[in-house]
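Contents: one structure, followed by commentary.
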Amino acid sequence: MSPLQVWVNSVTEISVDDLSAEDSDSPPEDLEFIVTPPSNGHLALKSAPSRHILNFTQTHTLHGQLVFVHSGALSGGFHFQVNDGVNFAPRQIFSTTARSLVLSLERNHALTVFPGSVNTISQNNLLVVTNDNGDMGGNHSILYNVTSPPKLGRLVRKQTDNSTAEISSFTQDMVNEGLISYDQTHPESLGWMTTDSFTFTVSSSPVSLQPQVFSIHISYEHAPAERNTILTANTGAVVTEGGRVVIDKMQLDSSNLLGKLLEPQRRSYEVWYHVTSLPQHGIITVGERNLTSAKPNFSQFILDKLGIAYQHDDSETTQDFFTFEVWLNRKGQPPQRPSEPSLIVTESFDLTVTPVNDQPPLLRTKAPSLRLVQGDTVVISPENLLVEDLDTPSEEIHYKVISKPNNGFLSLGEQLNETVSAFSQADINHGRVHFVQDGEPSSGVFYFSVTDGFHRPLYKLFNLEVTAATVSMVNNTGLRLVQGQTTATLTTEHLAAETNGRHSVTIHYRVTTPPHHGSLLMSNLPVSEFNQEDLHSCRLSYHMTDLTSSSDSFEFTVSTPESNMTAQMFNVTVQPLIHFSERVLIPSGIAVKLRKVYLDATDLATLSGSDPVFHILSPPKHGKLVKVTFDLSDSANHSVESFTFRDVVQGRVALQETLVQQRHSNNIADQSTSLLSQLRTADNNTTEIHVSMLNDSFSFLLRADNVQPAVGEFLFTIVPYEESLNHTTRSPGRNQTTGGRGTTIHSATHPHTTNHKTHNKTLQKQFKARHHWGNQTHGDHPMIPTVPGNTHGKHNIHGPHRITPVRGESLPRPASDPLLLILPFLACLLLIVILVVLILVLRHRREKRALSRGLIQELAAAAGDGGPEGSPYLGRPERSIAVPSVVVTPLLGPNSCPGTPVLNVLRRGTLAPRDPCLLLWAVDAVPDMVQAQQCQHPEPTLRDNQYWV
């Protein structure tokens, strides 16, 4: 049991927490405590603290009736024994420890007071605390006793009815609650600044403090925030519009400035005013003269005796004022402004003008009207109806509806269902007047009057122009399904409508012709009606059930309660599950295999478990699709109408395109000369050959098992074939690749050496000027960016995409037959050797003839006799070490066919042959061209070490 903490010479309550006993067989009143006399005080009941007791029951402690009265030593206690009338508990010791109570004056700050005002004394000014923190029966009452009251005022306490009563004592709790104030009385007897005080003592039983002094500083410099002047009076005045008011010392009094002087000096000075800013809407009269900027002074003596007058100019104003400076000036001397700013007080005198209703209300709206949509509810604002009256506030400008509108009604505030016929301009200004249109698409008017209650009312018409409500489509982009996808959600990105009517109206959709190959579902149930909120909430979906069609559609109407739209069509299309390369370049004049990198249907083949089939719907405009076979001469004659994805993977489908060039002349000889001239200047890097680039495409229907068919389009660009565009060369037995994702360009080594760097710069300028898709530089060559993108469906030809070069293979080979692997090794080796020899010999001859025919046809095309006809060019011929080749130089004499421009070029070496076959063609073509030019020169003789081939 811990000792009881008590204050010295104090009375402390002993609770059940301090002293208690328990007995389950006896009630508390039967448990009696018998004690010995305490050594440092005595026990008593709270009702008789001076009467000593030596026994009590548990009931006394339970009800807080037992107290300990301390006296004597700080430490002590008593013995006690508890019994229930039969049994006695062992003796116990109850210890007590006393502490001295200490009072501390923490704050005693002076109070600043404006003369004649009442100021509250708060705990920021006066605060006394004890060392009691509440752990020893704290909350000691701290009592202030005023031994010497203030002389220039009195101490008052605020009552519950906001009245005040003078007091001579108070507690710290009253100060903390802001109930104690100092009331300064008789300010007229004070100077500009003075002091007051009162003496007090503080006690909290059983201790007290020595007498203390509380100071009060009284000064006109201590004006409170709510007071706009430090003068004795500056209350302002009220004048009627166009009227006159006299200002006396009750409204303006600066005599308190004399308090700045000592009492003997005050009789030698008087107060003077200097008006620094005259009123704007009236004049000030002093006696019989008007106050002007030339004579702006008057004294407090004149103000006290006669007063000054303010005359309003009858303008439509409600406020006016004038500013002034006031100081002390010696009597009998002209007013002289002091040089010390602290001796001058600057303030303004406010004038409130009471308006006179002498002006009628004016209608500021030229044509009161309102435009709204059928069935809408619109606020009538000051832009629609405004009446102004400078004499009357807007709350007192009243409207009355004489003839109600025939196409709706007026309502006020939030009661939109109740009709009103009267309202004020303030209601309009605050947006409380509404017009509710009845839904009919007809305009109307209402007739009203407006008055200020004093003048005759105005009568006007208010026009109500109603616009018919309409509904229009915002989005109808259709829905796109990817092959294999049968369900998709319809949202406002696919289908949305809007109305110019009420924002809360529901936009409703009704399907008039359902989908042919599917159905619309909501919560997995077929629906034929839905609204805009279903699209917003993504609750509507389309499910394709018939997988035989590549498209679907349904017809619908969209409507609101006021309008509708009919015969609207929503389309559903199926996109092919295929990956296209972006910006494929197809060289002109050669057959290019379609590879998986350009047309990848791997995902579709995996999904369907079948080989997708491409059915050609629209072939290329400037070429054709051909089937690649072993017989290269016949491949161009067989255009394909369909092919499979396996054909694409195995390289059995090729694309042959030709640039279309414009013909400008019918003279073959002149065009041959022009072509040679272009070739000559291009070889000298002085000009550029202007060649067009064409966009082309072919569309197809893609079919596969277990999925819908889909229509797609393969887009590409035809460019002139240039060997210098290829950065790789083909060596026997292996091809080199460049670019990304398997993109390869093949080229054969050529005996004619060209400057690739210079030629590439020329081509870069050509394509930069001619290409419709901007700069396509990538890597080492401006025409071969190589990373193809994957897209579903028709790829986009707009935007900054990169160009994918094609794989142009010169020798398309069929896929290897796995059956050859099971043949005996010796027979296989023998057959391979025989086939290789035969193929090399036959191909060398065939390619030599094809190249000769192709070059002749190109020259003829440039001369105007049409484009080349024949088999597609599937690559450049390879040089083989197994077949010898020879370079033949034409033996042309100085007099041979001088009139032939082609041979002239060949003599000068300007048209350098790029292939041995070109020279053979030139030699073979000489007799025909000589005959065409009627050249009859004999053949030249052979020189030493020269021979015919």
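Everything quoted here is computed from the prediction, not taken from an experiment. The figures here come from the full heavy-atom set of this structure, side chains too, leaving out hydrogens, waters and symmetry mates.
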(request) Over all heavy atoms of both residues, which pair between K593 and Y598 is shortest? Give the atoms and the distance, please. (result)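 Scanning both residues, the minimum pair turns out to be O-CE1, 3.8 Å.
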Using the side-chain contact (heavy atoms from CB on, under 4.5 Å) criterion, which residues pair with [X]? Sequence neighbours excluded.
X: T486; answer: H543, L547, Q708
X: D705; answer: S610
X: L830; answer: I834

Taking [X] for the side chain and [Y] for the main chain, is one N or O donor matched with an acceptor at less than 3.5 Å?
X: S699; Y: S618; value: yes
X: D696; Y: K621; value: yes
X: Q483; Y: L702; value: yes

Look up atom [atom1] in [X] and atom [atom2] in [Y], then write down how far apart they are to the nearest 0.5 Å.
X: F700; Y: L617; atom1: CZ; atom2: CG; result: 9.0 Å
X: E641; Y: I616; atom1: CD; atom2: CD1; result: 9.0 Å
X: S551; Y: L479; atom1: OG; atom2: CG; result: 12.0 Å
X: L655; Y: K624; atom1: CG; atom2: NZ; result: 11.5 Å

Partner set under side-chain hydrogen bond (donor to acceptor under 3.5 Å, both in side chains) for [X], not counting sequence neighbours:
X: T644; answer: D611, D647
X: T606; answer: none
X: S697; answer: E713

(request) Please identify each residue that fulfils ring-ring contact (aromatic ring centres under 6.0 Å, His included) with F643, with sequence neighbours left out. (result)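 Applying ring-ring contact (aromatic ring centres under 6.0 Å, His included) to F643 gives F614.
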(message) Looking only at the side chains, is there a donor atom on one of H579 and D600 sitting less than 3.5 Å from an acceptor on the other?
(response)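 No.
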(message) Quick one about N695 and T717 (side-chain donor to acceptor, distance below 3.5 Å, no hydrogens or angles considered), yes or no?
(response)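 Yes, N695 and T717 have a side-chain donor paired with an acceptor closer than 3.5 Å.
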(request) Quick one: do D546 and H517 satisfy side-chain hydrogen bond (donor to acceptor under 3.5 Å, both in side chains)? Show the steps, please. (result) CA-CA 5 Å; D546 183 6; H517 306 287; 2.9 Å; yes
(request) Determine, step by step, whether I718 and H622 satisfy the side-chain contact (heavy atoms from CB on, under 4.5 Å) criterion, reporting the C-alpha distance in whole Å, the side-chain angles of both residues, the deciding distance to 0.1 Å, and the verdict. (result) CA-CA 9 Å; I718 311 170; H622 307 292; 3.7 Å; yes
(request) For the residue pair Q485 and T487, establish whether any side-chain heavy-atom pair is separated by less than 4.5 Å. (result)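 The answer is no; the side chains never approach within 4.5 Å.
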(message) Any heavy-atom pair between the side chains of S581 and F716 that's under 4.5 Å?
(response)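 No, every pair of side-chain atoms sits at 4.5 Å or beyond.
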